[in-house]
Structures are given as structure tokens and as C-alpha cells.
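Sequence lines set the chain letters: A, B, ... in the order given, protein chains first and strands last, and positions in each chain run from 1.
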2 protein chains.
Amino acid sequence: MMIKKFKNLGLKLTPQRLAILNLLEGNAKHPSAEEIYNQLKPQYPSLSLATVYNTLEILAKAGELQEIRIKADKRHFDPNPAPHGHFLCRSCQSIYDLDAGPLEIQTPLNIKGYLVEEYTLYFYGICPRCWKKSSGK
Amino acid sequence: MMIKKFKNLGLKLTPQRLAILNLLEGNAKHPSAEEIYNQLKPQYPSLSLATVYNTLEILAKAGELQEIRIKADKRHFDPNPAPHGHFLCRSCQSIYDLDAGPLEIQTPLNIKGYLVEEYTLYFYGICPRCWKKSSGK
DNA sequence: TATTAATTTAGAATGATTATAATTTAATAT
DNA sequence: ATATTAAATTATAATCATTCTAAATTAATA
């Protein structure tokens, strides 16, 4: 997984980076940098937010994770770098992976002369859990 | 167009707002708040950035324009509130409208239990003009 | 023309992210 | 094991788009 990639990139494998990698591995919650920082701080009291950002940026540039800008103010991070849609629940503010069949496209592709290398697909609405809650009352 | 809407909303029609509305009308350049401010400043020396933001926010809430968050750092604004894709050229940084047939969907819709009220579609790549430039050399 | 609530304004505040510069450390060769 | 050194970490400051604030101005109405 990611750990191998780190070595391949000629990067040092520090305890901080390892902790961040482990937290991200298989994590479907799409945490923000601050959330990662807060979760690791108790175990790594010396951890700095700058290190979290630094590590995330390295991983993003290496294609090992993707940044999600589905919210106005904050970035979130997805350890799954494969292109797929994301859904923001306007009620609970959770971010979910959401693949929408017909919207899946293969990049790169050409649309009307525009060379599309990447694309993002963000959905906004109400998640099943919140929907159930509100209608169940 | 927008001017009528302003009155309907019970809002005052000030010179500043009128200038912003006129600048946006039919504008396909997707300007940022600062670009709007800089373009109007010569004619309206007293204009404040806060007023630009304020007006844009009112228009967005009234459904008269849409915010575009295709860039990391800055918001851009589109006077066309209808849902459609946007393209950011990684070479010239221009933002273009780009409708992609198969990706067009009707909201609201339900995807796997998620109630999708809105969605955004952002494309990243090289625009025809920059593509021509680079290959023509 | 007076009244008043809405708007504008300059400047301060906010807050996520990035930069800085000194300190520490992982990895390598000795 | 140890020394070496380039890379990483850290605390803190800086950045910068956006929002807030409170005082001054003004559009709309009577």
C-alpha cells in the first residue's frame, strides 16, 4: 500500500507519516487536515498541523490520495485516488463516496475540443440516514 | 432580467448594484469578486469589495447566479444559474462553460438512496486555444 | 422634504492553508 | 555502533480570500 510508495519516492518514513498513513488506510470518512491532526495528537503530542498538511500534499502529488473540495471552506482527503463522485449531506455534513453510473467517464477525453484530463463530481443533498430520520418522525 | 428581480425581492437598486448587474449580464468570463471590483473601481471609486461580495451573495441566494469553486483558492461567479459543467484550463487558467451531454442529469434525483438536490461538474485540462498554441509550435 | 430602514464603506477579524527558520531525525556509510 | 547529512518536524508567523463591524450614507416612500 502507501508505505511502499513512500520508500519508492525516496522519502523518509517517519512515525508521523506512518501514523497519518495508517489513519487514512481504508478510511471512508474523508477527514480534513485538522481532523487528522486532532485524532493523532493524543498519541503524537509533538505532531504539528504543518506536518499533516505536508504529508497530505506529498501523497496527493504522488497520486496516492485525492483532495475533495466539496465544502466551501475546508479541504477533505480521500485515500482512494480513483475518480469517483462524492456526496455532501446538507443535514449531517458527512461526505460519502457516491458512484453514479451514467456519470462515470474515462479520462482523458475530448469534449467539444476541450482536452479533459480530470474532472470532479460533487453531489449535494440528504443522505439516507438523515432522510430516514426526518421522515420517520 | 436581474434588475426586475432585485425590485421583486424588496431590495434597493443602488448604483453599485446596478453596475455589478450590468457587468455580469451575459458575461461568460466567470469573474471573481476581486475582478469585478477591479473592473468597476475606476467608474465607481467609492466601491467597496464588501459591497461586491454582498451583492453576489444576494444574487446567489436568490438563484440568479451560481458560485463556481473550480479553483482552489478563489470563488468565481456565473450569471447563468442553470446547471451546467465548467472547465478550467490548466494552461491559461480561464474558466469556460462546458456542457457534457451524457453527464447532464435532472435534479432532484435519487442515487442509491441519496437524495441529490444539486451537483457540480468541474473539468480540468487544456482548452482548445492553448491546445492549438502548443501543438502549432 | 423628512423619515427611516437598508446599504455602503473602510478597516478589522477570521480561519484555513502556506511559509519560515531553527531543531531534530531517518537513512546511509563508516 | 557512530558520525554524517540531507530531509523532516516543529512552533510560529505570514498570507489571503472572505466575512464581520459599526459608523456614515442613501434609496424609497410618505
Side-chain angles (χ1 to χ4, degrees), chain A residues 2-21 23 30-62 65-77 88 93 95, chain B residues 2-21 23 30-62 65-77 88 93 95:
Chain A
M2 289 186 184
I3 294 172
K4 282 185 186 171
K5 278 289 175 83
F6 242 98
K7 296 224 162 178
N8 291 348
L9 292 168
L11 300 166
K12 290 185 180 176
L13 195 50
T14 66
Q16 294 88 337
R17 283 176 175 173
L18 205 55
I20 294 168
L21 289 174
L23 187 151
H30 309 92
S32 67
E34 202 182 7
E35 284 165 353
I36 294 171
Y37 172 76
N38 287 333
Q39 283 181 46
L40 296 178
K41 192 70 176 172
Q43 294 207 44
Y44 299 84
S46 83
L47 183 66
S48 165
L49 235 190
T51 297
V52 176
Y53 274 107
N54 175 32
T55 302
L56 291 171
E57 195 190 339
I58 288 171
L59 290 171
K61 278 190 179 163
L65 63 73
Q66 64 178 303
E67 301 185 355
I68 303 172
R69 288 202 276 268
I70 202 170
K71 280 191 189 177
D73 44 342
K74 247 180 209 167
R75 275 186 296 171
H76 290 256
F77 299 87
L88 173 64
Q93 299 294 307
I95 296 170
Chain B
M2 289 185 183
I3 295 172
K4 282 185 187 170
K5 279 290 175 82
F6 243 99
K7 296 223 163 180
N8 290 349
L9 293 168
L11 299 166
K12 289 185 181 177
L13 194 50
T14 66
Q16 295 89 337
R17 284 175 175 173
L18 205 55
I20 294 169
L21 289 174
L23 187 151
H30 310 94
S32 65
E34 202 181 8
E35 285 165 352
I36 294 171
Y37 172 76
N38 287 333
Q39 283 182 47
L40 296 178
K41 192 70 176 170
Q43 293 207 44
Y44 299 84
S46 82
L47 183 65
S48 164
L49 237 190
T51 298
V52 175
Y53 275 107
N54 174 31
T55 303
L56 290 171
E57 195 190 339
I58 287 171
L59 290 171
K61 278 191 180 163
L65 62 74
Q66 63 177 302
E67 301 184 356
I68 303 172
R69 288 202 280 265
I70 202 169
K71 280 191 188 177
D73 44 341
K74 247 180 210 169
R75 274 187 296 169
H76 290 256
F77 299 87
L88 173 64
Q93 299 293 308
I95 297 170

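The B/S48 side chain lies nearest to C/dA10 when the options are C/dT17, C/dA10, D/dA11. Taking every side-chain heavy atom of B/T14 into account, C/dT8 is the closest of D/dT9, C/dT17, C/dT8. Picking from C/dA10, D/dA28, C/dA26 the nucleotide with the shortest atom distance to the side chain of B/L13 gives D/dA28. In this structure, of D/dA17, C/dT9, D/dT10, it is C/dT9 that holds the atom nearest to the side chain of B/Q16. Closest contact between the side chain of A/S46 and the listed nucleotides C/dT8, C/dA26, D/dT10 involves D/dT10.
The CZ atom of B/R17 sits 11 Å away from the P atom of C/dA6 (whole-angstrom rounding). Atoms CD (B/E34) and P (D/dA17) sit 6 Å apart, rounded to a whole Å. Going from atom CG of B/L49 over to atom P of C/dA13 covers 18 Å, rounded to whole Å. Regarding A/Y53, its OH atom lies at a distance of 16 Å from the C1' atom of D/dT10, rounded to whole Å. One interatomic measurement links the two molecules: CG of A/L11 to C1' of D/dT9, which rounds to 14 Å at whole-angstrom precision. Separating the OH atom of A/Y37 from the P atom of D/dT12 is a distance of 11 Å, rounded to the nearest angstrom. For the pair B/E67 CD and D/dT18 C1', the computed distance is 11 Å after rounding to whole Å. Distance CG (B/D73) to P (C/dT18): 10 Å, rounded to an integer number of Å.
Using a 4.0 Å heavy-atom criterion, one finds that B/K12 contacts the bases of the nucleic acid, with or without backbone contacts as well. Note on B/P45: nothing from the nucleic acid sits closer than 4.0 angstrom, heavy atoms only.
Residue B/N54 places at least one side-chain N or O closer than 4.0 Å to OP1 or OP2 of C/dT8. Under 4.0 angstrom from either OP1 or OP2 of D/dT18 there lies at least one side-chain N or O belonging to B/R75. At the phosphate of D/dT18, neither OP1 nor OP2 sits under 4.0 Å from any side-chain N or O atom of B/R69.
Proximity of B/L23 to B/Q39: side-chain heavy atoms (C-beta onward) are separated by under 4.5 Å at one or more points.
Nearest heavy-atom pair across B/I20 and B/V52 is CD1-CA, 3.9 Å. Nearest heavy atoms, B/Y37 versus B/L47: CE1-O, 3.3 Å.
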- request: Kindly indicate, with the supporting measurements, whether the criterion side-chain contact (heavy atoms from CB on, under 4.5 Å) is fulfilled by A/K41 and A/L49.
  value: CA-CA 9 Å; A/K41 192 70 176 172; A/L49 235 190; over 6 Å; no
